[in-house]
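Indexing begins at 1, ligand by ligand and atom by atom, following the structure's order.
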Amino acid sequence: MSIEINAAVAALEAYVPGEQPREPGFVKLNTNESPYPSAPAVVEAVHAAATEAAFNKYPDPASRSLRQTIAESLGVELGQILAGNGSDEVLRLVCHAFLRPGSGDVIGMLDPTYVLYRTLAEMFGSSARTFATVAPDYAIPEAAYDTPVKVFFLANPNPPIGTLYPLEQIERLAADNPARLIVVDEAYVDFSGVGNASISLVERFRNVLVSRTFSKSYSLAGLRVGYIVGRRALIAEMEKIRDSYNLNRVSQAAAEAAFRATEYYADKTRQICEDRAFLTEALRRRGFEVPESRGNFVFARRADAAELYKSLKERKILVRYFSAPNLADGLRITIGTRTEINTLLEGLDALSK
Ligand SMILES: Cc1ncc(COP(=O)(O)O)c(C=O)c1O
């Protein structure tokens, strides 16, 4: 007799993450990592945490020191922060804790946005309702405000375009339907210039959660650390279902050191924002339509995007191509170093001759 599978899992189409090439030598502009190395203090903290004597013992199950550091800086309590193995884990915990299997719960999300939200919802027996955002301003459609979904995921800034939605619009999402949880996914917030403004929503609304990651502006994608901020009552439910030791000791130490290395990362973020403006202009001059982005990436539309993606890859320049009909004429390009950007532009020029 064959083993019966959980129906939600059996029906699930697995999420496919961006390509991580196995060969070396790529100019890698496809998964929105930082092109910059970790701060010296992070490398020191990793060495200190990675002694032979440390590995045989479990890490702090509550990531207390890291959470305390973040909590103090944001002006919230320790119990209002849950740390996870990347923000992907904390987003999954949201779905696990708040979607009720078999009850017809639905999540809301923009289109386009980070498509993992749909997969996470489906893992827990829910489905997704999408709200199309369109050029030129990619505004949140009116129908999204009062939709009776259980959880609404809003990436802000929203990939792959990079649109930043103002605080008042998130307030309205939260206020219009208090029974609906609003998850503001701020993976790219450090490139947007709005600082910690959204954290005030957590204080004012019972139904707002804000997630963040160390994978982008803190150059730590390889160590997998993210966190989510919200009312204690919501965070406590998610705490019950996370793995006891979801963050290893090296990741905890590295993330805390990174969080404290404010000047180093502020400088890199400034550079990335400057280079985003440079790349946007350079692409527009080459006939691409590039909406304003507030993330560490741009979305560049040109009719030959699909061929360009392939030809750039042959030259070992990797950008992200999405085959979805509303994105198929564009490339999402991560802001690399100036040298990487110049290599990309030279590649585009050579291919356009
Ligand atoms: C909007 C958004 N949220 C979350 C993530 C995942 O981040 P993490 O590396 O913390 O799991 C990404 C990754 O690209 C993202 O684009």
Does a side-chain N-to-carboxylate-O contact under 4.0 Å join [X] and [Y]?
X	Y	answer
Glu89	Arg242	no
Arg320	Glu19	no
Glu307	Lys310	no
Glu168	Arg172	no

*By ring pair (Phe, Tyr, Trp, His ring centres under 6.0 Å), which residues pair with Tyr165, not counting sequence neighbours?*
none
For ligand 1, list all ligand N or O to protein N or O distances below 3.5 Å, rounded to 0.1 Å.
residue, atom, partner, partner atom, Å
ligand 1, 3 (N), Asp185, OD1, 3.3
ligand 1, 3 (N), Asp185, OD2, 2.6
ligand 1, 7 (O), Ser87, OG, 3.1
ligand 1, 9 (O), Ser215, OG, 2.6
ligand 1, 9 (O), Arg224, NH1, 2.8
ligand 1, 10 (O), Ser87, N, 2.6
ligand 1, 10 (O), Ser87, OG, 2.8
ligand 1, 10 (O), Thr213, OG1, 2.5
ligand 1, 10 (O), Ser215, OG, 3.4
ligand 1, 11 (O), Ser87, N, 3.2
ligand 1, 11 (O), Asp88, N, 3.0
ligand 1, 11 (O), Asp88, OD1, 3.4
ligand 1, 11 (O), Asp88, OD2, 3.4
ligand 1, 11 (O), Arg224, NH2, 2.8
ligand 1, 14 (O), Tyr188, OH, 3.3
ligand 1, 14 (O), Lys216, NZ, 2.9
ligand 1, 16 (O), Tyr188, OH, 2.7

_How close do Pro160 and Arg332 get, counting heavy atoms only, and between which atoms?_
CB-CD, 3.7 Å
